[in-house]
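All figures in this text were calculated on a predicted structure; none of them were measured in a lab. In what follows, every chain begins at residue 1, and chains take the letters A, B, ... in the order their sequences are listed.
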Number of protein chains: 2
Amino acid sequence: MSSVRKIANSVGVSVATVSRALNNHPDVSAETRQRVLEAARSTGYNPSVGKRPTNVIGLVYPTGPVQAGYGDFDSLMLSGVVRGANEQRFDVTIINLDRDKDEFESYTQFFHRKGVRGVVIRALEATSVLASEIAAEGFPSIMIADRSEDPRVNFVDSESKSTSRKAVEHLIDIGHKRIALAIHNVQDSDHQDREDGYCQALAEAGLERDEDLTVRAPAGPEGGAMMLDHLLQHEDPPTAIFFTNPLSTVGALHRCLQLGVRVPKDLSVIGFDDGDVRLRTFPNFTAVCQDAQGLGLEAARWLTRSLTGNAHHSCRELHRTTLNVHGSTSLCPITGVRLMAGNQIVRQV
Amino acid sequence: MSSVRKIANSVGVSVATVSRALNNHPDVSAETRQRVLEAARSTGYNPSVGKRPTNVIGLVYPTGPVQAGYGDFDSLMLSGVVRGANEQRFDVTIINLDRDKDEFESYTQFFHRKGVRGVVIRALEATSVLASEIAAEGFPSIMIADRSEDPRVNFVDSESKSTSRKAVEHLIDIGHKRIALAIHNVQDSDHQDREDGYCQALAEAGLERDEDLTVRAPAGPEGGAMMLDHLLQHEDPPTAIFFTNPLSTVGALHRCLQLGVRVPKDLSVIGFDDGDVRLRTFPNFTAVCQDAQGLGLEAARWLTRSLTGNAHHSCRELHRTTLNVHGSTSLCPITGVRLMAGNQIVRQV
DNA sequence: TCATACTGCCGGAACTGTTCCGGCTTGACC
DNA sequence: GGTCAAGCCGGAACAGTTCCGGCAGTATGA
C-alpha cells in the first residue's frame, strides 16, 4: 500500500512536500512536483483518511454545471447511476470539471482531491477526448451515452441501429413503401447508427432508397415542423416518416395537427424517445426508446464492481433499445397527403 | 474548534472511544456513546481530515434512490442545486437515507460520516417530519419543494396561490364566467394554495363558486381525461377549466382532440407545469409554471452561504411562480360544448 | 562592499481522525 | 474456584494536512 510517507522516502523529500505536491499548493518546485506525481502514479497511490477507503464515485459533467434541456434523460440517467452505485454501497458525488480543476493538475490528482475512487463521465459533445485522457492516466472511469474507438475507454452506450431497422421494418410490414428519414443534422456515431438501420431495412425489403426522402435539420420542434413541410411538399410524398430525435417528432406531430394531416390515417410517424415525451403528444407516438436509466445503472454497476475487485477487465457495452408501438403508425393509406402552396392539403394516390 | 481529543478530554475517555462512538462502532457502551454524542453536539463538532473543512453538501432523498417519474422536475432541481453550490465552490453528493443510516444513529452523526457539512432535503410525501427531526438536531439543512409549520425548519417552496389566482383572473378577463377547477385529490398545502387562488379570483370578480364545477381525480393523464368528461357532461358545462397538475392537463387535452373539442375555440384550458410539458402538447398550454431550477438554486445558495458564514439566520422562502400564456386559452365562446351519451358533442348557448 | 530584506522551496512538528492490539472487568459455566 | 468469552476501553501506530521556521539565493540600498 502506497502512502505519502512511502512516496516521501522514495523521492527523497518530506511528507509535507508530498502533500503539497499532491494538492497543488504553490510552494513546490515544478521539478519536485513532477517527481512526486510520477511516484504517486507508478505506485498507484490512493489517499485514505484513517484506514477506511472512501466509497464514493463521481458523476462528471465536462462542461459547467449539469445542463438542463435534455428532458428526462439526465434525471433518469442519474437515477440509474445512483441505483447502480447503491448495489455496492457507493455514494455519488457530482463533479464539474471546469470549475476547479487546475490546468496543470492531472485528472488522477484532481479526482483524488475530490475524494472519489472512480468516475462516470456524462458524454456531451466531444467528450470522447476527455474520456481518452482520463483512461490514459489509468484512473477508473467509464463514459456514458457515447462510444469511443480508444480501446482503453470503457463505455456504456445505446445501440440504436438494430431497433431503428426494426422500426422501419415495422413500417414496411404494414405496407409502407415511401418511407422518409428526418434526421438531426449532426454527424455522430449515434445518428449514423439510425441512418444505417434505416438503410438496412429498406435494402432488406428490396426497396430503393430515395435520397429526396432524407431531410436534415437542427433538433427541436421547429426543425421537426420544417422537415415535415419539406417532405410533404414532394410531388410524390412519403406515407411514413422516421424521426431520429424526440423533439423533432413533437414538432412534426404538432404541425400535422395544425395542417389537418391525420396521424396515423394519412401519415405514419415513428420517433425517438429518451423518457416520456412520446406519451405527451397526440397521438402518443411509436418510438425507438433509449433506456436512460439502464445506461446509468450499468455504468455505475460496472464501475463499482470493478473498484471492489469483482469485475471483468473492460466494459464496452452497447445497451439495447426497444421499439414501443403507439398510435402514430398504421396501415399505409391508399391516398397520400401532399402539402401545396398556401398550406393546402390534397389527398392523392 | 472542537476535535476528537477535546471531546475525549471533556468526557473523560480516549480518542479511540470517541471515534468509535461517532462512527457507530459496536464496542462502545450505550451510556458512553450518549455522553460523547452529547458533547459533540454541544460543542458543534465538525470532523475534518487534516485541517481543511470539506466543502460538500448532501442532496438527501428520503426514500430510496432518486425516484424517476417526476418528469423534468428532479433534473431541473438538481441542476439548480449544483449551480447554487457552485457559487461558494461546494460539491454536491447524493445521499439516500434509508440505505445505510443506522437506526440508532443520529442524523448529525450520519451526515458527518458521509462527510457533508449541510444537506438539502428533497421533499417527497411526508418529508416534513424528517426535516423537523434534522432541524431539531441543529444540523444545517434546508427542505426543498415543501413548507413546514416548524419554525426551525428552513425551506424553499413554490408559492402558487397568487399565480393560480392570476390564471383564473386571466380567464375572467377574457370573458369566461363558468370556470371549473380540476384538482389532484391529495390534500397538501400546495394544492390548497391552488384552490384558494381559484376561489379568491372568483370572489374578487363577484362570481359565485359552483361546487359542481370542482372535480377531483388522481394525478395523471387518465385522471385528466376523466375530469374533463365529467365536467363536459354537466348540463351547463364550463367554458374554461383550470387543471392543477401537468399530467392531468395532458390527459385532458388529448381527450379533447379525441372528442373533437377544439381548444381554445370551444374550451379554454389552463394547466400547471414544472418543466417543458406544456410545450409538448397540442396546442401548447397556458400554464402556471414552477421554477424547479430556481428552487434548487436558492436552496443550495442559502445553505452554502450559511455554512460559509455570510447568511441570515433562517430561510423560509416562497418562490414565485409565473403564468405563461400559450395557445390553450382564448375569448369565451358564445356556444359552449357539452358531452352527451355516446361521446357526442353538442354546441349550445 | 556589505548589511538587509525578500522570495522560493522545503522539513520538522503539531495537528486532524481511524484502527489494531492488548488489557481490564464482569459474568457464566463446569 | 478456575476458565473462558464477551464487552468495553486505552495506548500507540497509522492515515494526511498545515503552520512555522530555516536555508539558500537574489535584490536593494547606504
Side-chain angles (χ1 to χ4, degrees), chain A residues 1-41 43-56 100 102 104-105 108-117, chain B residues 1-41 43-56 89 100 102 104-106 108-117:
Chain A
M1 200 52 188
S2 184
S3 76
V4 279
R5 266 127 186 131
K6 297 257 180 63
I7 295 175
N9 267 337
S10 87
V11 177
V13 294
S14 71
V15 290
T17 301
V18 172
S19 177
R20 277 189 290 259
L22 256 25
N23 290 296
N24 242 34
H25 282 244
D27 278 1
V28 183
S29 70
E31 191 256 343
T32 306
R33 165 169 290 127
Q34 276 311 315
R35 295 208 341 261
V36 169
L37 291 184
E38 175 52 30
R41 205 190 54 73
T43 57
Y45 171 71
N46 190 3
S48 60
V49 286
K51 275 286 171 51
R52 171 202 303 171
T54 125
N55 278 356
V56 182
D100 41 8
D102 251 33
F104 303 109
E105 189 177 32
T108 304
Q109 201 179 340
F110 173 67
F111 292 140
H112 280 166
R113 246 184 50 212
K114 287 295 176 188
V116 298
R117 294 180 51 193
Chain B
M1 202 50 188
S2 183
S3 77
V4 278
R5 265 126 186 133
K6 296 259 181 63
I7 295 175
N9 267 338
S10 88
V11 177
V13 293
S14 71
V15 290
T17 302
V18 172
S19 177
R20 278 189 289 260
L22 256 24
N23 290 296
N24 241 35
H25 283 244
D27 278 0
V28 183
S29 70
E31 192 256 343
T32 306
R33 165 168 289 126
Q34 274 312 314
R35 292 203 349 256
V36 169
L37 291 183
E38 175 52 30
R41 204 191 55 74
T43 58
Y45 171 71
N46 190 4
S48 60
V49 286
K51 273 289 169 51
R52 172 201 302 173
T54 126
N55 278 357
V56 182
R89 303 182 76 83
D100 40 9
D102 252 33
F104 302 109
E105 189 177 32
S106 72
T108 304
Q109 204 178 340
F110 172 68
F111 293 138
H112 280 168
R113 247 184 48 213
K114 288 294 175 188
V116 298
R117 294 180 51 193

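- Between A:S29 and C:dC9 there is no side-chain N or O to OP1 or OP2 distance below 4.0 Å.
- Between the C1' atom of D:dA15 and the CZ atom of A:R5 lies a distance of 7 Å, rounded to the nearest Å.
- Looking at residues 8-20 of chain B, you'll see B:G12, B:V13, B:S14, B:A16, B:T17, B:R20 sit with a heavy atom under 4.0 Å from some atom of DNA chain D.
- Minimum interatomic distance between B:V15 and B:A8 (heavy atoms only, all atoms of both residues): N-CB, 3.8 Å.
- In this structure, the side chains of B:T108 and B:L37 stay at 4.5 Å or more apart for every pair of heavy atoms.
- Side-chain contact between B:V11 and B:V18: absent, with no pair of heavy atoms (C-beta onward) separated by less than 4.5 Å.
- The distance from atom CG of B:L22 to atom C1' of C:dG17 is 10 Å, rounded to the nearest whole Å.
- Contact check, A:T32 against C:dC10: a side-chain N or O comes under 4.0 Å of OP1 or OP2.
- The salt bridge (Lys or Arg N to Asp or Glu O under 4.0 Å) analysis of residues 9-19 of chain A, with sequence neighbours excluded, yields no pairs.
- Computed from coordinates, the B:E31 CD to D:dC8 P distance equals 11 Å when rounded to whole Å.
- Overall bending of the helix from C:dT1-D:dA30 to C:dC30-D:dG1, expressed as the angle between end axes built from five pairs apiece, is 30° (10° steps).
- Of all heavy-atom pairs between B:H25 and B:R33, the closest is O-NH2, 2.5 Å.
- Remark: B:N23 is in phosphate contact with C:dT18, judged by side-chain N or O atoms under 4.0 Å from OP1 or OP2.
- Rounded to the nearest 0.5 Å, atoms CZ (A:R35) and OG (A:S29) are 8.0 Å apart.
- Interatomic distance, A:S14 OG to A:R20 CZ, rounded to the nearest 0.5 Å: 6.0 Å.
- In this structure, NE2 of B:H25 is placed 16 Å from P of D:dG7, rounded to the nearest angstrom.
- The closest side-chain heavy-atom distance from B:S19 to B:N23 is below 4.5 Å.
- In this structure, A:I7 CD1 and A:L22 CG are separated by 6.0 Å, a value rounded to the nearest 0.5 Å.
- Both A:V4 and A:D27 lie near DNA chain D, and the one whose nearest nucleotide falls closer to the 5' end is A:V4.
- One interatomic measurement links the two molecules: CZ of B:R33 to C1' of D:dG7, which rounds to 13 Å at whole-angstrom precision.
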